[in-house]
> 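One structure is given below, represented as C-alpha cells, and several questions about it will come after.
Both counts, for ligands and for their atoms, begin at 1 and track the order of listing.
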Amino acid sequence: MPAAAGGSRANKNYCVAGGHAEYLRHMKEIVPSPPPLVRNQFESIRDLFAKHVVPSYGRFELALAKGAGNHVWDVNGRRFLDFGGGIAVCVLGHAHPEITAALVEQSQKLVHVSNLYYHEPQGRLAQQLVKHLAPGKVFFCNSGAEANEGLYKLARRFGHEEGRFEILTAQNSFHGRTLAGIAATGQEKIKKGFEPAVAGFRHVPFNDLPAVRAALSPATVAILIEGIQGEGGITPATVEYLLGLRALCDEKNLLLLMDSVQCGHFRTGRFQSFQRILEGVPGGEKFLPDGVSMAKSLGGGFPMGAFWVREPFADLLSAGSHGTTFGGTPLGCAVALKILEVIERERLADNARVVGQWLRSALDGLVQRYPGVLRSARGLGLMLGLELVEKEKIRALSASDKNVSTLFVNRLHEAGLLTIPSGPQIVRLLPALNLTQVEAEEGVGVIEKTVRALV
Ligand SMILES: Cc1ncc(COP(=O)(O)O)c(C=O)c1O
C-alpha cells in the first residue's frame with residue numbers, strides 16, 4: 001500500500017477527545033438500537049417494499065437500520081464501513097452530534113414557514129453560499145433535479161426576448177429524473193419510455209470544446225456541465241474545457257451553468273470542483289460560471305437543493321416567476337449552516353484533499369498490482385472512481401448477467417464496505433468529508449482483499 005500522502009492534516013481522531021473508538025462509542029449512545037419489530041427482519045422489510053413501494057429502484061439486498069460516523073449497521077446488526085455516503089450526501093457521516101443538535105434546537109423554534117415570509121436562517125445560509133462562491137443570489141429548493149430545473153428556467157428567462165431557449169449539455173451527463181432532467185441528461189437509458197422529451201436540450205461530447213462550438217445554433221442560450229461527471233463515471237472536466245467554455249459563452253452571450261449537485265460542497269477539497277480543477281492555472285481563480293446547482297451534501301441528509309446565480313443575472317427570476325413550498329425552510333437551513341460551520345472549523349476540505357489523495361494513490365497502486373481486475377482509478381478529493389476490466393475477463397464474474405460494477409459492489413458488501421456503482425464498469429467512492437486515515441486504510445484493505453479473490 002502506498003505511503004500516506006502528506007497525512008499531516010488528515011483526521012486521525014476526528015471530533016471527540018479520546019480518539020476514534022471513543023467517537024464511535026459516543027455515536028452509538030446517541031443512536032438508539034432499532035426497535036425489535038425491524039431487528040433480524042430483512043425479509044419482512046423487503047416484502048413491505050415488494051408489496052407497497054413503487055419498484056423504480058434496483059436495490060441491494062441490504063436493509064440498514066442505523067449509522068454512526070462513517071459506519072452503518074444493517075437490521076441484523078452487521079456493521080459496514082460507508083464509502084458511498086448516501087451517494088455524496090452524508091457529508092459529515094451518520095448521526096453527527098452537531099447535526100442532531102441543530103435539528104433539535106431549530107425544531108423547537110420554527111420548523112417551517114412559507115416563502116411568503118422572511119426568516120433569518122435562509123438569509124444567513126444564502127450569505128454563506130455567496131461568500132463561498134462570488135457575488136450573486138441563491139434560490140432554495142429540495143433536490144438536485146429541482147435545482148437544475150431552476151437553472152433551465154433561468155436560461156429560458158435570459159433568452160426569452162430573443163427567442164433563445166436551447167441548452168447544450170454533455171454526453172454521459174446526469175441532471176436528475178424530472179422530465180426536463182432526463183431531457184437534459186446525456187444518457188439514452190434514462191430517457192427510454194418517457195418520450196416525447198421536453199424540447200430544448202441537445203448533447204455534445206464531454207471535454208470537447210470544438211464539438212460545443214460546432215453544435216451552437218441561433219436558439220442556444222446556455223451550456224450546462226458537471227465539473228466532474230458523477231453518474232457518468234467520475235470524469236473531471238479539463239482545464240482547457242472549462243476556460244474554453246467560459247470564453248465561448250462570453251463571446252456568444254450564453255449562460256455557463258454548472259451542475260455541482262454531486263461534485264460540489266468541498267468534496268474535491270475546494271467548495272466547487274472547478275475551483276480545484278483550475279487551481280494554479282493562470283487566470284483560473286477568476287473563472288466563474290453564471291449559475292451553479294447544489295443539493296446532496298448541502299443538507300447532509302436533510303433534503304435540500306439550491307442554485308446560485310451570478311450577480312448580473314441574479315434578479316432575472318423576479319417575484320412570482322419561481323417558487324416551491326419547502327425551499328429553504330428554517331429547519332433545513334439551520335442544518336446546512338451547521339454543516340458549513342463544522343466543515344470550516346474542522347478543516348474538512350483539507351481532510352478531503354489529504355485523505356482523498358492518499359486513497360487515490362492507494363487505488364492507483366491496486367490498479368498497478370491487479371491489472372487482471374482493475375483498469376484505472378480516477379477522480380479528485382473524495383470523489384473517486386475505480387474502473388474494472390470487462391466482466392468477461394474476470395472468470396468468477398463472467399457468467400452473471402449483471403454489470404461488473406454491481407457484482408463488485410456486492411462483493412464489497414459481503415466484505416463489509418459500502419460503495420456505489422457508476423455505469424457498467426466503475427465503482428464510486430463518495431465517503432463523508434470527515435473520513436479518517438484509519439478508515440481510508442480499512443476500506444482500501446477490504447477492496448484489495450476483494451480484488452485479490454477475483455484474480
Ligand atoms: C450531477 C447530478 N445532478 C443532479 C442530480 C439529481 O439530484 P436529485 O436526485 O437530488 O434530484 C444528481 C443525482 O445523483 C447528480 O448526481
Side-chain angles (χ1 to χ4, degrees), residues 54 56-59 84-91 139-155 167 169-187 189-191 194 198 201 203 206-207 222-237 256-268 271-274 276-277 289 291-308 324 326-328 332 335-336 378-385 405 419-423 426-431:
V54 170
S56 67
Y57 298 97
R59 293 179 204 271
I87 321 190
V89 168
C90 307
V91 68
F139 176 92
F140 290 100
C141 53
N142 308 282
S143 69
E146 196 187 357
N148 286 331
E149 291 278 341
L151 293 183
Y152 313 144
K153 283 181 72 174
L154 179 84
I167 300 174
T169 72
Q171 287 171 6
N172 251 349
S173 60
F174 184 80
H175 299 296
R177 296 286 193 154
T178 57
L179 275 180
I182 62 175
T185 292
Q187 300 188 44
K189 63 174 192 236
I190 305 270
K191 306 168 188 283
F194 296 107
V198 171
F201 295 94
H203 317 305
F206 189 54
N207 275 335
I223 296 165
L224 169 69
I225 60 156
E226 293 158 82
I228 302 176
Q229 289 192 331
E231 303 300 309
I234 312 292
T235 312
L256 178 57
L257 307 175
M258 297 202 56
D259 180 339
S260 294
V261 166
Q262 189 165 149
C263 59
H265 225 70
F266 303 101
R267 181 149 294 279
T268 57
F271 183 54
Q272 293 294 316
S273 63
F274 59 78
R276 175 78 201 265
I277 293 167
V292 173
S293 58
M294 310 165 220
K296 288 189 180 278
S297 297
L298 178 62
F302 191 96
M304 280 199 92
F307 64 86
W308 166 89
T324 175
F326 294 120
V335 171
R378 47 175 87 185
L380 286 169
L382 290 174
M383 184 168 185
L384 296 168
S405 55
T419 58
I420 314 279
S422 175
I426 292 163
V427 172
R428 262 177 297 177
L429 314 183
L430 300 159

> Can you confirm whether some protein heavy atom lies under 4.0 Å from atom 8 (P) of ligand 1, or whether none does?
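Answer yes: something from the protein, a heavy atom, is under 4.0 Å.
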> Which of the numbered atoms in ligand 1 are below 4.0 angstrom from a heavy atom of Glu226?
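Close to Glu226: 1 (C).
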> Tell me which one of Glu226, His203, His175 satisfies side-chain hydrogen bond (donor to acceptor under 3.5 Å, both in side chains) with Thr169.
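Running side-chain hydrogen bond (donor to acceptor under 3.5 Å, both in side chains) over Glu226, His203, His175 with Thr169 returns exactly one hit, His203.
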> Using heavy atoms and a threshold below 4.0 Å, how should the contact between Asn148 and ligand 1 be classified: side chain, backbone, both, or neither?
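Just the side chain.
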> Can you sort out which atoms of ligand 1 are near Val261, meaning under 4.0 Å from one of its heavy atoms?
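With Val261 as reference, the close atoms of ligand 1 come out as 2 (C), 3 (N), 4 (C), 5 (C), 7 (O), 12 (C), 15 (C).
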> May I ask you to check if ligand 1 and Gly144 share an N or O to N or O distance below 3.5 Å?
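Among all N and O atoms of Gly144, at least one is under 3.5 Å from an N or O of ligand 1.
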> Evaluate Ala145 for polar contact with ligand 1, using N/O atom pairs at a separation under 3.5 Å.
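Between Ala145 and ligand 1, an N or O pair is found under 3.5 Å apart.
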> Mark up the atoms of ligand 1 that fall under 4.0 Å of a heavy atom belonging to Gly176, in ascending order.
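Near Gly176, the atoms of ligand 1 are 4 (C), 6 (C).
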> Which is it for Lys296 and ligand 1 at heavy atoms under 4.0 Å: side chain, backbone, both or neither?
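For Lys296, only side-chain atoms sit under 4.0 Å from ligand 1.
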> Under 3.5 Å, N or O to N or O, is Glu146 touching ligand 1 that way?
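No, since none of the N or O atoms of Glu146 sits under 3.5 Å from an N or O of ligand 1.
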> In ligand 1, which numbered atoms sit nearer than 4.0 Å to a non-hydrogen atom of Ser143?
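Result: 10 (O), 11 (O).
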> Could you walk me through whether Ser422 and Glu231 pass side chain to side chain donor-acceptor pair (under 3.5 Å), step by step?
CA-CA 5 Å; Ser422 175; Glu231 303 300 309; 5.7 Å; no
> Taking the six-membered ring for Trp, are Phe140 and Phe326 ring centroids under 6.0 Å apart?
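Between Phe140 and Phe326, the centre distance exceeds or equals 6.0 Å.
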> Within the structure, does Asp259 bring an N/O atom to less than 3.5 angstrom of an N/O atom in ligand 1?
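So ligand 1 has an N or O lying under 3.5 Å from an N or O of Asp259.
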> Minimum heavy-atom separation for Ser293 and Ala147, please, with both atom names.
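Smallest heavy-atom distance, with atoms named: CB-CB, 3.8 Å.
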> Is any side-chain heavy atom of Arg267 less than 4.5 Å from a side-chain heavy atom of Pro431?
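Answer yes - side chains close enough.
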> Would you give the length of the straight line joining atom CG of Leu430 to atom CD1 of Ile420, rounded to the nearest 0.5 angstrom?
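With rounding to 0.5 Å, CG (Leu430) is 6.5 Å from CD1 (Ile420).
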> Run through Thr324, Leu151, Leu154 and flag the one making a side-chain contact (heavy atoms from CB on, under 4.5 Å) with Phe139.
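Result for side-chain contact (heavy atoms from CB on, under 4.5 Å) with Phe139: Thr324.
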> Can I get a per-line list of side-chain donor-acceptor pairs under 3.5 Å for residues 295-302, giving both atom names and the distance, sequence neighbours left out?
from, atom 1, to, atom 2, distance (Å)
Lys296, NZ, Ile87, O, 3.0
Ser297, OG, Ala88, O, 2.7

> Note the single closest protein heavy atom to atom 16 (O) of ligand 1, along with its residue, its atom name and the distance in Å.
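For atom 16 (O) of ligand 1, the nearest protein heavy atom is Gln262 NE2, 2.7 Å.
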> Are the side chains of Thr235 and Arg378 in touch, meaning some heavy atoms are under 4.5 Å apart?
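Side chain of Thr235 against side chain of Arg378, heavy atoms only: contact under 4.5 Å found.
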> For atom 15 (C) of ligand 1, what is the nearest protein heavy atom, given as residue, atom name and distance?
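Among all protein heavy atoms, the one nearest atom 15 (C) of ligand 1 is Phe174 CD2, 3.6 Å.
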> Classify the contact between His175 and ligand 1 as side chain, backbone, both or neither, using a heavy-atom distance cut-off of under 4.0 Å.
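His175 to ligand 1: backbone contact only, side chain stays beyond 4.0 Å.
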